[in-house]
> 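Encoded as structure tokens, here's the structure I'll be asking about.
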Amino acid sequence: MNIQVNGHLDIQAVDNIIQTFNKSSSKSKLTLDLRFVTGISIECISWLVIVLLSLKKEKVKISIIAPSDDNAVLYKLKMWRFFDVLKEEDIYNSIKKQIYVHPFVNKHWIISLKLLKSNKDVRSIINGVLDDLDFCFKNLNYTKNDIGHLSTVVSEACMNVLDHAGDDAIGVFAAELIRMEPKRLVISLADDGCGLRTSLSRSNANATDWDDETVIRQALTKGVSGVVDGDRGLGLPAVVTKLSQYRGALYIRSGQGSMRHRMTHEGTLEEVFSSEEVPVPGTLISVSLPPATN
Amino acid sequence: MLKKTSLLQRRSSLLLHGELILADGQPLQEGATTRLILIGRPEGKRFLPYLEHRLEELPRRSVMPIDCQHVRVMDISFGDESLGRIARRRTAKEYPERYLVLENVGEELEANLQSLCEQREIVLVVTRTGEDLPTLLGELSTELSDTYNIAVREGRLTARELIEQIGGESKLTIAASSNRLTRLEALGVVAQVDAETIEGGGRQKVFTPVY
């Protein structure tokens, strides 16, 4: 099955890839042609890797036709170490030898994708956030104290994947400083786990009857958890609390829907739920942090 | 602000480092000696019995500083399962007259601990890296915070002394003054060390800051 992607590769485009593939009669191989991709977002890259890794788990052979050498998308993919993460051998058009690519790409600062399978990976990600992203935080006028608070956001989001997604789940962490206006740091975390509903149903029998919006709202509520233990349920709610303090935004997608959660400059909380046809289980969380206000 | 010594007995510090062997025979964080990243509930649960044991071993009226110079990050989940549980049990009057403070807390770690205190509505006593004066983390009213600072400055404090320190204009009654000190004691940030006779009859409790 050969799927060509044209234009901007976003989350819906990734969903379309998997939906098209699922409808095809041949499910042993997927060739993804990225030569005509003109742009790719950070939320999308972590979701794309998760989707491709889930296919690999199902023994689907994946080939990527990479964009040409002069294409900015290829530089971004290389900065993310996209090809290394997928560990594919038969990547057409990709440059075999490692070349140095400056982390600035079109005014963006990108760090490589990181797979998340264990506590060790979370430590590596947090160290990366504190070291590799130090430049990004300073660029957004965050103090060390702010960075400490935001490392909590990253840690809780990552541990949430390990705690709730299931034993065989894989997470993908991505981060990027967008230096064009509106300037912001975007962190994205996707996993191929069981999703929020299944996780919450471990300790809430009613969760199986909740609609997708309620599932996401409950997952963001303090004290509601997927683990049977009275003192749980701080992870994602703590993320929301911290993001609200920094006027950040949260996008969370699980089940057949997504929620955009944002604190406005006027201090009002905006929550918008959208129903979406999501072809694979798992969860995608994206955090966007604006420059410090003081 | 100058600080007078606490009347509690200060025990030797517990230095957190990766090779610290916990109650389960495993190190606190394998492969790390410094820049510890303490994360997740399972790891916090592993640390709790060790911390409890050290706390139970303390003689009464003593404080054990936990030296955090090597801790880079402690997330809310880890802190909740260890320090958070101890703080909540203290409210239930466990570990009487035995106290913990966190020393050499870096800016990033302080932010982590502040998040824990906000989420769990607890209060922790910490000293920042390179500082001697203690700081209270957590949400505390100005009155309680001021009372603690007076206790730190004086080294000891009774309800009457608190009224004198604040000044007569505050119209703080003995009952309200005692109440402030009792609330700080319940939070584990001051300790009652004595009860002394008052001139003219009666007795009053003497409190000291835990650090």
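Throughout, a chain's letter reflects where its sequence line sits, starting with A, and its residues are numbered from 1. No hydrogens, no waters, no symmetry mates; every other heavy atom, side chains included, goes into these values.
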> At a 4.5 Å cut-off on heavy atoms, which part of L150(A) comes close to chain B: side chain, backbone, both, or neither?
neither

> Any Lys/Arg nitrogen of D191(A) or K117(A) sitting under 4.0 Å from an Asp/Glu carboxylate oxygen of the other?
no

> Which of these passes side chain to side chain donor-acceptor pair (under 3.5 Å) with R128(B): E110(B), E103(B), E107(B)?
E110(B)

> Will you find, in the side chains of T129(B) and N104(B), an N or O donor that is under 3.5 Å from an N or O acceptor?
no

> For E43(B), which atoms come within 4.5 Å of any heavy atom of chain A: side chain, backbone, both, or neither?
side chain

> Using a strict threshold of under 4.0 Å (side-chain N to carboxylate O), is an ion pair present between R253(A) and E43(A)?
no

> Checking an interface table here. Which of residues 120-129 of chain A come within a heavy-atom distance under 4.5 Å of chain B?
V122(A), R123(A), I126(A), N127(A)

> Please confirm whether the ring centroid of Y142(A) lies under 6.0 Å from the ring centroid of Y246(A).
yes

> So which of L36(B), I39(B), L38(B), N112(B) has the biggest tally of heavy-atom pairs under 4.5 Å with chain A?
I39(B)

> Roughly how far, to the nearest 0.5 Å, is the CG atom of L102(B) from the OH atom of Y211(B)?
11.0 Å

> Checking D75(B) side chain against G40(B) main chain: does a donor-acceptor pair fall under 3.5 Å?
yes

